[in-house]
Enquirer: 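Handing you this structure, nothing more for now.
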Amino acid sequence: MKPNRTLLCLLLCPWAIVAYGAESSGYSASTWRLCAPPPAWIQRRAPAVVDTLARQQSPLEVSAAEVDGELEQQARFSGDVTLQRADQTLQAAVMHYDQPQRRVLASGGVYYGAADVELRAEQMELALEQDSGAVTQAEYWLPKRHGYGTAAAILLRDAEHTDYQQVRYTTCTPDAQSWHLSAAELRLDETTQTGVGRDATLHLFGAPVLYLPYFSFPLSDQRKSGFLLPNIASTESTGLDVSVPYYWNIAPNVDATFTPRLMSDRGAMLGVEGRYLLPTQQGEAQLEYLPQDSELEKSRSSVALRQSGLWAPWLRSEVVLDYVSDRDYYRDLGNAPDVVSTQHLEQRADVVLQGGPWTVLGRVQTFQTLDPDISRSNRPYQRLPQLLGSYRQPNLGGFDLGVQAEYVYFDHPDNLTGSRVDVLPSLSYLGWQKPWGYVTPKLSYRHTRYDLDTRSGHPLSGAQPERQLPLASVDAGLWFERPTQWFGTAVTQTLEPRLYYLYVPERDQDDLPNFDSAALDFSFAQLFRENRFSGTDRWADANQLTLALTSRWLTETDGAELARVSAGRIFYFADRDVVLPGQLPEDESASAWVTELSTRWGLGWSARATVQWDSEAQNAEQSVLQLHYQPDRRRI
């Protein structure tokens, strides 16, 4: 289901809430308490599956203040009457029991509780042998679905079939009903785990917003074939836009959604989405096809494919493919802002081999550019192919040995093309690591070689330039800690000063092509990077020292980080002469100050703030504030 459909289905098919995150037992923090806890009369029985056999075999126990009549024939119980059989509990002021017919008639403050329902009413008739009954003017609670409502009549046809007449349903309590659903009739079938509603209206904050003459819904987490909610819109590009999705539950691990779409200004379109999930494979494919665009008088289509697989413990694959028939497709036919603003579509296939310290990645990657403002020369390069290999041995006599290697062929319709080979061995010493601090020196050597194709008029046409570049760094830090309090919670506060020195000699790289290098955004993490550029074509010269300080507040129980504040700055001992084409060398003696603050609160809330402060200009170069809410894995 797409997200917008999921939200509406949660509102219109409330008995299926268990499929979207409600706990099936108890009232834990992850239960869908959408508005408030249930009313006080509800006993909060543990939800369970109805056991008909246990009911038939269990004895009938009745307690009351007074008993009139013969227990073997007909009897009248009064005064705090309680009937108990297996999971069934019936309480009332007065109860008539017909032993030959095995029927009970209760009246006066009736409460009935079972494995799947709790309700209260003024009167209830219950046939114990058939496990059926009837209730009038009832108020009910469905514990498995956090559902609450009222009904003019409830007919318990048997343990698996229940009918509700003039019913009102919500997941909110009476004093806080943000939404509710009213229906002339609801029929629940536990054997098929489906429900049917007729003459239903959805109300939001008391106002009716949607009417459905008929709808069906699942009663469990099992998916059900059927029509989803229609989407109705109107835009300048499509005119009146109506789509009616149909969901086909092919198998527990395979499904499909067919979406006919009618646009008054464009014509009729069909969308198909298919998904599958296997033990080691999963995939999703989407296809949209418009046979004849009424305005452009041509067919239009789009394809989206996602596939990932684990073929062996050491072999996995991933395929990402997005394609549209023309670059205006999303602008004309898209229905979401993030889709309409897409600049590039990626087509990529990866194969990864991994065993022990070795990892090898094979990749083919191309792009389809949709933004008309991006010239052909500025469109991204295609990698046809790219091979990446890495080796790491972290425990070699106190040393960390690593090697990264790459071969890639860059293709482009207008720019210089060719291949690049890059090898980067590195050696770090880990012997100076203590519980209270560390010093980690590191040496690396980068060798890069190009084999460029012949292209008329390009100064690097047919060249084979090379670059050899040594790198040296020292990373050192201390750890201090003390016990303290964080809003009444016992925590450990740390103080972590850190120094990072980096030296990379200047190498003239003007004779190297630029296939994939760009300037990285400045951030706190950038204070400790070996290169201020992305990619490999440009490697920045550096003679610099980073000074940084971090303090964390960690819980005593599990070490979770409640808060962190960091600040740092780079001091440059030399100008930065290696720049991207068209840029000037940098001669500042120090970078901006970077400060980060992050906190984590209860109930899934967290926040993060970042400020980059230019001390010379006395202004903030960049400020970022992020607020994050994720109460569980299913919601964000």
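Count residues from 1 along the sequence. Values reported hereafter were calculated over all heavy atoms of this structure, with side chains retained and with hydrogens, waters and symmetry mates removed.
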Enquirer: Look up atom NE2 in His458 and atom CG in Asp453, then write down how far apart they are to the nearest 0.5 Å.
Expert: 11.5 Å
Enquirer: Please indicate whether Asn619 has more than 12 foreign heavy atoms, meaning atoms of other residues, nucleotides or ligands, lying under 6.0 Å from its CG.
Expert: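 Enclosed: over 12 neighbouring heavy atoms sit under 6.0 Å from CG of Asn619.
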Enquirer: Give a yes or no on whether a salt bridge exists between Asp293 and Arg300, defined as a side-chain N under 4.0 angstrom from a carboxylate O.
Expert: yes
Enquirer: Give me the ring orientation class for Phe227 and Tyr246: parallel if the planes are under 30° apart, tilted from 30 to 60°, perpendicular past 60°.
Expert: perpendicular
Enquirer: Quick one: do the Gln281 and Gln307 side chains pair a donor with an acceptor below 3.5 Å?
Expert: yes
Enquirer: Return the minimal non-hydrogen interatomic distance between Phe533 and Ala519, and the atom names on each side.
Expert: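 Looks like CD2-CA, 4.0 Å.
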Enquirer: I'd like to know if the side chain of Asn415 reaches the main chain of Ser377, judged simply by a donor and an acceptor atom lying under 3.5 Å from each other, with no hydrogens or angles considered.
Expert: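 It does hold such a pair.
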Enquirer: Evaluate side-chain contact (heavy atoms from CB on, under 4.5 Å) for Leu424 paired with Val403, printing each intermediate quantity in order.
Expert: CA-CA 6 Å; Leu424 177 64; Val403 179; over 6 Å; no
Enquirer: Any luck finding a side-chain donor-acceptor pair between Thr448 and Arg467 under 3.5 Å?
Expert: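 Present: a donor and an acceptor within the cut-off.
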Enquirer: Between the side chains of Ser444 and Ser426, is a donor N or O closer than 3.5 angstrom to an acceptor N or O?
Expert: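 Per modelled atom types, Ser444 and Ser426 side chains form no pair under 3.5 Å.
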Enquirer: What is the distance from atom OG1 of Thr259 to atom CD of Glu288, rounded to the nearest 0.5 Å?
Expert: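 Result: 8.0 Å between the selected atoms.
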Enquirer: For Arg446, is there an ion pair with Asp422 - N to carboxylate O distance below 4.0 angstrom?
Expert: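 Here Asp422 pairs with Arg446 in a salt bridge, since their nearest N and O are under 4.0 Å apart.
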Enquirer: For residues Thr599 and Trp601, is any side-chain donor paired with an opposing acceptor at under 3.5 Å?
Expert: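 Distance-only check passes for Thr599 and Trp601.
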Enquirer: Give, for atom CG of Leu321 and atom CG of Leu345, the distance between the pair rounded to the nearest 0.5 Å.
Expert: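 Rounded to the nearest 0.5 Å, the CG-CG separation comes out at 9.5 Å.
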Enquirer: Could you tell me if the side chain of Pro585 sits less than 4.5 Å from the side chain of Asp575, heavy atoms only?
Expert: no
Enquirer: Looking at Asp537 and Arg420, is there a salt bridge between them, counting it only when a charged N and a carboxylate O are closer than 4.0 Å?
Expert: yes
Enquirer: Under 3.5 Å, is there a donor-acceptor pair between the Thr235 and Ser237 side chains?
Expert: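 No.
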Enquirer: Let me see the working for Ser308 and Glu318 under side chain to side chain donor-acceptor pair (under 3.5 Å), right down to the final yes or no.
Expert: CA-CA 4 Å; Ser308 61; Glu318 182 179 14; over 6 Å; no
Enquirer: Please round to the nearest 0.5 Å and tell me the distance separating atom CZ of Phe367 and atom CD of Gln382.
Expert: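 Between atom CZ of Phe367 and atom CD of Gln382 there are 9.0 Å.
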Enquirer: Within the 3.5 Å criterion, strictly below it, is a donor on Gln626 or His628 matched to an acceptor on the partner's side chain?
Expert: no
Enquirer: Let me confirm one number: the CG-CD1 distance from Leu502 to Ile570, rounded to the nearest 0.5 Å.
Expert: 8.5 Å
Enquirer: Which atom names give the shortest non-hydrogen contact between Val324 and Gln368, and what distance separates them?
Expert: O-NE2, 2.9 Å
Enquirer: Any donor-acceptor pair under 3.5 Å linking the side-chain atoms of Gln365 with those of Gln386?
Expert: no
Enquirer: Flag yes if more than 12 heavy atoms outside Arg363 fall under 6.0 Å of its CZ atom; otherwise flag no.
Expert: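 Counting neighbours around CZ of Arg363, more than 12 heavy atoms of other residues, nucleotides or ligands fall under 6.0 Å, so yes.
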Enquirer: Taking all heavy atoms of Tyr289 and all of Ser301, pick out the closest pair and write down the distance.
Expert: CD1-CB, 3.9 Å
Enquirer: Under 3.5 Å, side chain of Arg223 to main-chain N/O of Pro252, donor-acceptor pair present?
Expert: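 Such a contact is found between Arg223 side chain and Pro252 backbone.
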Enquirer: When you measure from the side chain of Arg576 to the backbone N and O of Glu588, does any donor-acceptor pair fall under 3.5 Å?
Expert: yes
Enquirer: Under 3.5 Å, is there a donor-acceptor pair between the side chain of Asp541 and the main chain of Asp577?
Expert: yes
Enquirer: Ignoring hydrogens and geometry beyond distance, is a side-chain donor-acceptor pair present between His412 and Thr417 at under 3.5 Å?
Expert: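 Distance-only check fails for His412 and Thr417.
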Enquirer: Quick one: does Leu580's side chain get under 4.5 Å of Asn514's, heavy atoms only?
Expert: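 Yes - at least one pair of side-chain heavy atoms lies under 4.5 Å apart.
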Enquirer: Any carboxylate oxygen within less than 4.0 angstrom of a Lys/Arg side-chain nitrogen, looking at Glu596 and Arg608?
Expert: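 Salt bridge flag = yes for Arg608 with Glu596.
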Enquirer: Before giving the answer on salt bridge (charged side-chain N to carboxylate O under 4.0 Å, His left out), spell out for Glu561 and Arg600 the whole-Å C-alpha distance, their side-chain angles and the decisive distance to 0.1 Å.
Expert: CA-CA 7 Å; Glu561 186 178 275; Arg600 183 175 66 87; over 6 Å; no
Enquirer: Would you say the side chain of Asp326 lies within less than 4.5 Å of the side chain of Lys298, judging by non-hydrogen atoms?
Expert: yes
Enquirer: Between Ser243 (side chain only) and Arg261 (backbone N and O only), is there a donor and an acceptor less than 3.5 Å apart?
Expert: no
Enquirer: Between Glu466 and Arg449, does any NZ, NE, NH1 or NH2 come within less than 4.0 Å of an OD or OE carboxylate oxygen?
Expert: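 Looking at Glu466 together with Arg449, the answer is yes, because their closest N to O distance falls below 4.0 Å.
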Enquirer: Got a salt bridge between Glu530 and Lys442, using NZ or NE/NH1/NH2 to carboxylate O under 4.0 Å?
Expert: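 Answer for the salt bridge query: yes.
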Enquirer: Grab the two heavy atoms, one from Arg383 and one from Val408, that are nearest each other, plus how far apart they are.
Expert: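 In terms of heavy atoms, the two residues are closest at CG-CG2, 3.8 Å.
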Enquirer: Between Asp322 and Arg348, is the closest basic N to carboxylate O distance under 4.0 Å?
Expert: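 No, this pair does not count.
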Enquirer: Between Arg455 and Ser461, is there a donor-acceptor pair closer than 3.5 Å when you use the side chain of the first and the backbone of the second?
Expert: no
Enquirer: Measure across Pro291 and Ala268 and return the closest heavy-atom pair with its distance rounded to 0.1 Å.
Expert: CD-O, 3.2 Å
Enquirer: Does the pair Asp371/Arg327 count as a salt bridge with the N-to-O cut at 4.0 Å?
Expert: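 Answer for the salt bridge query: no.
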Enquirer: Please check if the side chain of Ser517 supplies one atom and the backbone of Arg538 the other of a donor-acceptor pair under 3.5 Å.
Expert: yes
Enquirer: Under 3.5 Å, is there a donor-acceptor pair between the Lys224 and Ser216 side chains?
Expert: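 There is such a pair between these side chains.
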Enquirer: Do Leu333 and Arg266 make a side-chain contact, defined as non-hydrogen atoms from C-beta onward lying under 4.5 Å apart?
Expert: yes
Enquirer: Ignoring hydrogens and angles, state whether a donor on the side chain of Ser317 or Trp311 is under 3.5 Å from an acceptor on the partner side chain.
Expert: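 Per modelled atom types, Ser317 and Trp311 side chains form a pair under 3.5 Å.
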Enquirer: Without swapping roles, check the side chain of Gln509 against the backbone of Trp539 for a donor-acceptor pair under 3.5 Å.
Expert: yes
Enquirer: Checking Thr369 side chain against His344 main chain: does a donor-acceptor pair fall under 3.5 Å?
Expert: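 Pair absent, no side-chain N/O of Thr369 close to backbone of His344.
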Enquirer: Looking only at non-hydrogen atoms, find the nearest pair between Ala540 and Asn531 and report the distance.
Expert: N-OD1, 3.0 Å
Enquirer: Could you walk me through whether Asp255 and Tyr247 pass the side chain to side chain donor-acceptor pair (under 3.5 Å) check?
Expert: CA-CA 8 Å; Asp255 62 11; Tyr247 176 77; 2.8 Å; yes
Enquirer: Check the angle between the aromatic planes of Phe410 and Tyr381 and answer parallel, tilted or perpendicular using the 30° and 60° thresholds.
Expert: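 Taking Tyr381 first and then Phe410, their aromatic rings stand perpendicular (interplane angle over 60°).
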Enquirer: Side chains of Tyr450 and Ser419, heavy atoms from C-beta outward: is any pair under 4.5 Å?
Expert: no
Enquirer: With a 3.5 Å distance limit and no angle check, can you tell me whether Thr359 reaches the backbone of Ser390 through a side-chain donor-acceptor pair?
Expert: no
Enquirer: Quick one: pull up CZ in Arg529 and CZ in Arg532 and give me the separation to the nearest 0.5 Å.
Expert: 14.0 Å
Enquirer: If you count the non-hydrogen atoms of other residues, nucleotides and ligands that lie under 6.0 Å from CG in Leu603, is the total more than 12?
Expert: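 Open.
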Enquirer: Is any side-chain heavy atom of Leu452 less than 4.5 Å from a side-chain heavy atom of Leu416?
Expert: yes
Enquirer: Other residues, nucleotides and ligands only: do more than 12 of their heavy atoms fall within 6.0 Å of CD on Gln618?
Expert: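 It does: Gln618 CD has more than 12 such atoms within range.
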Enquirer: Between Asp265 and Thr238, is there a side-chain heavy-atom distance shorter than 4.5 Å?
Expert: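 No; the side chains remain at least 4.5 Å from each other.
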